[in-house]
Amino acid sequence: MHRNQFIKLTFLASLGIQYEIKNEFFKACSTQQVQIKNLLGLSASHLISDSILIEKQTYRSFLKMKSEAAKEGMEIQIVSGYRSFSHQKSIWERKFKQMTKQMSSEEAISNIITYSSIPGTSRHHWGTDIDVIDAAVKAPEGDLLLEQNYTGLGPYSPLKSWMEANSKKFGFHLVYTADEKRSGFNYEPWHYSYAPTSRKYLNLQVSNEFKLAWKKLEFTGKSDMSDEFIETYFKNYSLGINPTLMPS
Ligand SMILES: [Zn+2]
């Protein structure tokens with residue numbers, strides 16, 4: 001067996017074991033089901049790689065936006081683009097394990113979802129969503145992605161103002177806005193989405209086919225989620241976004 005073939009088979013085998021997905025499910029894939037697999041963070045086939053993985057059209061438009069911002073002395077840098085299911089699962093399980101030392105599973109889950117998506121549902125699986133900073137200014141101490149860094153005298157405040165005025169021209173919109181009437185995740189002034197592609201992806205994410213595929217995934221804490229909770233989560237979190245990003 002060639003080495004590449006071996007690596008490919010080993011990789012596929014690990015996917016099967018880790019996520020306990022029945023092979024038949026994706027074998028007779030239609031184009032739509034391939035996209036579901038992509039949106040669950042289980043396949044990166046729709047992405048291209050620079051230093052990070054990102055969806056093709058998103059990347060093309062990002063480069064244009066980046067060079068426009070460079071004229072103002074800013075260096076837009078993506079600190080988080082694509083995230084796989086396995087990465088999101090590890091973030092989720094670390095938080096779940098830590099929090100359930102002090103509270104019930106249900107309480108831990110509702111705490112985690114103020115900022116972190118349930119594995120398989122993150123918009124970061126799509127490759128259309130990016131968390132950005134300005135690499136031309138000195139990075140603040142500690143966590144970069146904090147609201148205080150993007151407001152007032154925060155180092156990324158000028159970038160935030162520039163994005164507000166210009167990002168739409170390139171198709172990028174803030175997802176988790178400061179609108180108090182919005183449900184779901186807290187305000188994230190750093191998280192933008194490339195609307196022309198992500199609107200289509202969202203349309204697929206809210207489909208029954210997507211939910212059926214998601215239900216086959218395994219991660220800690222999932223058995224503590226009732227059907228009612230899952231329905232409410234998809235409604236309030238997947239759709240609790242900037243209205244501009246809703247499918248037309
Ligand atoms: Zn983000």
Side-chain angles (χ1 to χ4, degrees), residues 18-21 25 32-33 35-43 80 82-100 102-131 145 173-193 195 197-247:
Q18 201 174 352
Y19 308 128
E20 293 175 25
I21 287 176
F25 183 76
Q32 196 185 45
Q33 281 165 330
Q35 286 177 346
I36 287 173
K37 193 176 172 182
N38 294 130
L39 299 195
L40 287 166
L42 299 176
S43 165
S80 186
Y82 168 72
R83 210 179 289 150
S84 67
F85 173 79
S86 134
H87 186 181
Q88 191 69 22
K89 181 176 183 271
S90 67
I91 295 173
W92 174 271
E93 291 183 341
R94 179 175 41 82
K95 291 186 176 178
F96 187 82
K97 201 175 156 193
Q98 208 172 36
M99 286 187 186
T100 46
Q102 296 148 16
M103 57 185 87
S104 71
S105 303
E106 287 77 10
E107 282 169 327
I109 291 166
S110 64
N111 264 305
I112 304 170
I113 61 175
T114 52
Y115 274 111
S116 295
S117 300
I118 296 175
T121 71
S122 173
R123 294 179 66 101
H124 278 290
H125 294 328
W126 304 357
T128 55
D129 284 43
I130 53 176
D131 295 337
L145 305 182
H173 295 263
L174 198 66
V175 181
Y176 307 113
T177 59
D179 181 359
E180 280 175 11
K181 282 179 269 160
R182 188 180 57 77
S183 62
F185 298 106
N186 283 352
Y187 176 45
E188 292 190 7
W190 50 83
H191 184 131
Y192 285 82
S193 181
T197 308
S198 72
R199 279 193 199 112
K200 292 182 206 154
Y201 287 3
L202 180 61
N203 211 15
L204 189 56
Q205 200 205 43
V206 296
S207 70
N208 282 333
E209 289 85 351
F210 179 90
K211 285 178 198 161
L212 283 174
W214 176 81
K215 283 181 179 165
K216 290 172 196 280
L217 302 174
E218 299 275 323
F219 53 88
T220 314
K222 194 175 180 218
S223 55
D224 297 310
M225 295 175 186
S226 66
D227 286 348
E228 194 190 353
F229 166 82
I230 292 164
E231 277 307 309
T232 310
Y233 173 81
F234 274 107
K235 191 165 155 264
N236 290 349
Y237 286 75
S238 295
L239 299 176
I241 56 169
N242 182 346
T244 317
L245 292 164
M246 295 291 270

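Nothing here was measured: the structure is a model prediction, and the numbers come from that model.
Across all non-hydrogen atoms, the minimal contact from R182 to G240 is NH1-O, 3.0 Å. Taking both residues in full, the closest heavy atoms of L245 and S198 are given as CD2-OG, 3.9 Å, listed atom of the first, atom of the second, then distance. Of all heavy-atom pairs spanning M225 and I109, the tightest one is CG-CD1, 4.0 Å. Minimum heavy-atom separation, S117 to F185: OG-CZ, 3.5 Å. When every heavy atom of L202 is checked against every heavy atom of S238, the shortest pair comes out as CD1-O, 3.8 Å.
Note: H124 and H191 meet the aromatic proximity criterion, with ring centroids under 6.0 Å apart. Taking the ring centroids of Y176 and Y187, they lie at or beyond the 6.0 Å cut-off.
Here the CD1 atom belonging to I112 is positioned 10.0 Å from the CD atom belonging to E93, to the nearest 0.5 angstrom. Expressed to the nearest 0.5 Å, how far NE2 of H125 lies from OG of S43 amounts to 12.5 Å. Atom NZ of K215 is separated from atom CG of N208 by 8.0 Å, given to the nearest 0.5 angstrom. The CD1 atom of I36 sits 5.0 Å away from the OG atom of S207 when rounded to the nearest 0.5 Å. With values rounded to the nearest 0.5 angstrom, E209 atom CD is found 12.0 Å from Q35 atom CD. Note: Q88 CD to I91 CD1 = 4.5 Å, rounded to the nearest 0.5 Å.
Checked by atom type and distance alone, the side chain of R83 never pairs as donor or acceptor with a backbone atom of G41 at under 3.5 Å. With hydrogens and angles disregarded, a donor-acceptor distance shorter than 3.5 Å links the side chain of E107 to the backbone of S104. When atom types are taken as modelled, the side chain of N242 and the backbone of L174 share a donor-acceptor pair closer than 3.5 angstrom. For W92 (side chain) and T220 (main-chain N/O), a donor-acceptor pair under 3.5 Å exists by modelled atom type.
Partner of I241 under the side-chain contact (heavy atoms from CB on, under 4.5 Å) criterion, out of D179, T177, V175: V175 alone.
A heavy-atom distance below 4.5 Å is not found between the side chains of Y82 and H87. Under the 4.5 Å side-chain criterion, counting only non-hydrogen atoms from C-beta, F219 is in contact with F85. Looking at heavy atoms from C-beta onward, S105 lies in side-chain contact with F96 at the 4.5 angstrom threshold.
For the residue pair R123 / T128, no side-chain donor-acceptor distance below 3.5 Å is found, with atom types taken as modelled.
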side-chain hydrogen bond (donor to acceptor under 3.5 Å, both in side chains) assessment of T114 paired with N186: CA-CA 6 Å; T114 52; N186 283 352; 4.6 Å; no
Which pairs of donor and acceptor atoms, one on a side chain in residues 229-237, lie under 3.5 Å apart (sequence neighbours left out)?
residue, atom, partner, partner atom, Å
T232, OG1, E228, O, 2.8
Y233, OH, I118, N, 3.1
Y233, OH, T121, OG1, 2.8

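Under the 30°/60° scheme for interplanar angles, the aromatic rings of Y115 and W190 are found to lie parallel.
For the pair K222 and W214, the cation-pi criterion (under 6.0 Å, within 45° of the ring axis) is fulfilled.
Residues meeting the side chain to side chain donor-acceptor pair (under 3.5 Å) test with K95, sequence neighbours left out: S116.
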